[in-house]
Amino acid sequence: MPAPKQKLELNWIGKEVRPKLEPRILLCDPEKSYHSPHRVSANDIFDNTLIHGDNLLALKALEQEFTGKVKCIYIDPPFNTGQALEHYDDGVEHSIWLSLMRDRLEILHRLLSNDGSIFVHIDDNELGYLLVLMDQIFQRANRMSVIAFKQGAPTGHKAINPGCVTTTNFILLYAKQKAAWKPKRLFTGRERDNRYNQFLLNPDEPFPKWQFVTLTRGFAQHLGVTEKEARARAKASPAILDEFVIQHANHVVRLAQPDYDAVSEAARKMIDESSAQADHIFKLDREKHSDMYFVGGERILFYRDKLKNIDGELVAGEPLTTLWDDLLSNNLHNEGGVEFPKGKKPEALIKRVLDLTTEEGDLVLDSFGGSGTTGAVAHKMKRRWIMVELREHCKTHVLPRMRRVIDGTDLSGITKAVSWKGGGGFRYYRLAPSLVEMDRWGNAVINKAFNPSMLAEAVCKLEGFTYAPSETVWWQHGHSSERDFIWVTTQNLSREQLQQLSDEVGAHRSLLVCCSAFRARADMFPNLTLKKIPKAVLHRCEWGHDDYSLKVENLPAAPPKPGELFSDADLASPSTATAAPKAVPTARRTATTPQAKTAGNRMAQKRKTETKKTATKRR
């Protein structure tokens, strides 16, 4: 017998335990939603989303509508440092942290578009584990970069202890599909390159007449002073010389020795000729590239070719690397007008993420909203956005920050760089309560907080239908295709009512009927599929579970090890064990959840077949 095929993967305690998430509906709060009173531009975006609630349940709530539609995800989850931060429970044991991250990353993977990308901000506590986990979920071939982000300087109490001072954390960048991923070519500003130390006096004349002097002499002639005085001014205020170089980039040059073996045959010939005639300037014409100039066997390089327009300013630029050490903000604590100690990220960081991977109008998601930086930057850059935040600072931090952005009164961060003037808006949502609750006798019933429209929307989501109530057909609450519909009611339907409904639906359409009870055989009407609620959905989810946040106490106990009758949690003493709240009965964890949406007609036929089998067994 051949040995089972093995694979390289990360294992941890409790890996096999997976939550059966309830796909909640989202309830809009008009009082907290916000928009500009008028349009600031023709491209203002109003359909942005801010969700207050558990981010795992929120991601599940978004899955049906947004699968494959998100262009860029940036998340900054708790780093598992063992330090209790004011706004996050940030001290979770490795295995629990991995389980909680795995559950979220799997949904995030499904939400991404094929050409989308995800950025996960992390420090070195979980970096190694997270890399392997994301390699499994996103595939190692889709790992694009591991970026080192300099987030501090080696000063203060960090510099007292011996050894290396930690000044960086990391950003893991993965594509959904590497073949479809098309990042932009970005540049970062750098200090002036001192190798460009010569000055071309007459660049507008034919190249054989070009005259070169030192950069200091060119600077002195521009100021009308001696070279000694020009040198003294540049030393006292280097920014003056830097500005002169930028403004005269067409004059500032350097000579560089080309790699003789790496250049074309025509270039090698030009190098040889210029070496033999050192007092002449030679030009190599090129059709698809800029022309090359040589003197004395060396190439003339112009400073103008190093300049890049970064955030509206011409600066010496170099291609973006995986070391991001240029984004430190001296005014970070004031960005957005909110306090978020040790957790806030610079707006310039999110801007770089979005510049690299998105265009205006693309959808951006951050499921660890924090202080709202991702939404603020996405809004200013005219991207659509979704943010999720569980804690109260969704109201105390994110809401006021986004209102200032929309009003155009937030002048911090990237506002000036992107010329933001305000405009647009967002809708504020909260997660609906669990659909099923227990009554006083321990029976599972529909939650009394659900009105008819909420119930219809919730059941539509559970059954994989698009909630779209018809204004003219009373029994059409949603659809899965042009011919397959769903109707949700709390009525106890009689045979006569079902017959009338079947006649109205007609032979060319099918209808899933979800009701409290019915008095007829389940297979009696060919175009109707009958289900009792909540009985028919009890096995689908973990009902009544409202908090899947990064807390140790929210994770189920690990099952017993092979050969053991009880788990460690079962053996805990009464003084230390915490009694679990009574929950609605669910199916065994090995059961699968039929959440995948199929074509409407096939879905209806499958339901009808299953109903007939059940009816046959009952008879």
Side-chain angles (χ1 to χ4, degrees), residues 22-25 27 64-65 432 434-437 439 443-541 543 584 594-619:
E22 177 187 358
R24 304 278 184 97
I25 61 173
L27 304 178
Q64 183 184 49
E65 181 179 356
S434 182
L435 174 63
V436 178
E437 64 179 0
D439 65 15
N443 299 314
V445 296
I446 298 296
N447 193 321
K448 293 186 292 294
F450 278 68
N451 59 38
S453 61
M454 289 170 59
L455 175 62
E457 183 178 359
V459 175
C460 280
K461 181 164 283 191
L462 275 169
E463 295 292 341
F465 283 72
T466 300
Y467 177 65
S470 172
E471 295 182 357
T472 57
V473 183
W474 57 272
W475 47 264
Q476 289 184 9
H477 282 153
H479 59 82
S480 66
S481 72
E482 295 181 356
R483 295 178 178 271
D484 189 37
F485 303 92
I486 184 173
W487 178 48
V488 183
T489 179
T490 56
Q491 295 182 52
N492 183 338
L493 299 176
S494 67
R495 176 176 175 178
E496 291 72 20
Q497 289 175 307
L498 291 170
Q499 181 64 62
Q500 182 180 356
L501 179 61
S502 176
D503 293 341
E504 187 168 338
V505 171
H508 63 290
R509 295 181 294 194
S510 56
L511 179 66
L512 170 61
V513 179
C514 298
C515 57
S516 297
F518 54 88
R519 299 189 299 277
R521 292 200 325 270
D523 61 345
M524 188 170 187
F525 305 98
N527 58 350
L528 302 183
T529 300
L530 307 179
K531 287 187 177 183
K532 295 180 182 179
I533 53 171
K535 181 179 179 180
V537 297
L538 286 183
H539 69 285
R540 301 281 186 89
C541 316
W543 306 102
V584 177
Q595 297 294 334
K597 181 177 177 181
T598 59
N601 292 333
R602 286 186 298 168
M603 177 188 287
Q605 184 59 43
K606 183 178 180 180
R607 291 198 305 267
K608 183 59 63 180
T609 302
E610 292 175 349
T611 302
K612 288 182 178 179
K613 289 181 180 179
T614 303
T616 301
K617 290 180 182 180
R618 289 175 178 172
R619 291 199 295 270

Decide, yes or no, whether a salt bridge links E504 with R509 under the criterion of side-chain N to carboxylate O below 4.0 Å. no

Run V513 and T529 through side chain to side chain contact (heavy atoms under 4.5 Å, CB included) and show every step you take. CA-CA 6 Å; V513 179; T529 300; over 6 Å; no

All heavy atoms of S502 vs all of N527, minimum pair found to be OG-OD1, 2.7 Å

Using the side chain to side chain donor-acceptor pair (under 3.5 Å) rule, take S510 and D484 through it: C-alpha gap first, then chi angles, then the decisive distance, then the call. CA-CA 5 Å; S510 56; D484 189 37; 2.6 Å; yes

If you round to the nearest 0.5 Å, how far is CG of L511 from CH2 of W487? 8.0 Å

Under a plain distance cut-off of 3.5 Å, with no hydrogens placed, do S516 and N492 share a side-chain donor-acceptor pair? no

Do S434 and C541 make a side-chain contact, defined as non-hydrogen atoms from C-beta onward lying under 4.5 Å apart? no

Considering only heavy atoms from C-beta outward, does the side chain of V459 approach that of F465 to under 4.5 Å? no

Is the closest side-chain heavy-atom distance between Q491 and C515 below 4.5 Å? no

Is any side-chain heavy atom of L455 less than 4.5 Å from a side-chain heavy atom of T490? yes

Looking at every non-hydrogen atom in both residues, tell me the closest pair between H477 and C460 and how far apart they are. O-SG, 4.0 Å

Are there more than 12 heavy atoms of other residues, nucleotides or ligands under 6.0 Å from atom CD of Q499? yes

Given the ring of F518, does K532 sit roughly above its face, with NZ or CZ under 6.0 Å from the centre of the six-membered ring and within 45° of the axis? yes

For the residue pair V436 and L538, establish whether any side-chain heavy-atom pair is separated by less than 4.5 Å. yes

Do L512 and K531 come close enough that some side-chain heavy atom pair is under 4.5 Å? yes

Testing the basics here: between L493 and T489, what is the closest heavy-atom pair and its distance to 0.1 Å? CD1-CG2, 4.4 Å

Would you name the heavy atoms of S453 and N451 that are closest together and state the gap between them? OG-OD1, 2.9 Å

Can you tell me how far the CG atom of L27 sits from the CE atom of M454, to the nearest 0.5 Å? 5.0 Å

Donor-acceptor under 3.5 Å (E22 side chain, L435 main chain): yes

Which pair of heavy atoms, one from I486 and one from C514, lies closest together, and at what distance? CD1-SG, 4.2 Å

Beyond-backbone contact of F450 with I25, side-chain heavy atoms, under 4.5 angstrom: yes

Could you check whether atom CZ of R495 has more than 12 heavy atoms from other residues, nucleotides or ligands sitting under 6.0 Å from it? no

Do any N or O atoms from the side chain of Q500 and from the backbone of Q497 form a donor-acceptor pair under 3.5 angstrom? no

So E457 and R24, salt bridge (Lys or Arg N to Asp or Glu O under 4.0 Å) or not? Walk me through it. CA-CA 9 Å; E457 183 178 359; R24 304 278 184 97; over 6 Å; no

To the nearest 0.5 Å, tell me how far E65 CD sits from K461 NZ. 7.5 Å

Rounded to the nearest 0.5 Å, what separates atom CH2 in W474 from atom OG1 in T472? 12.5 Å

Of all heavy-atom pairs between P526 and M524, which one has the smallest distance, and what is that distance? CD-O, 3.8 Å

Residues K448 and E437 bridged, charged N to O under 4.0 Å: yes

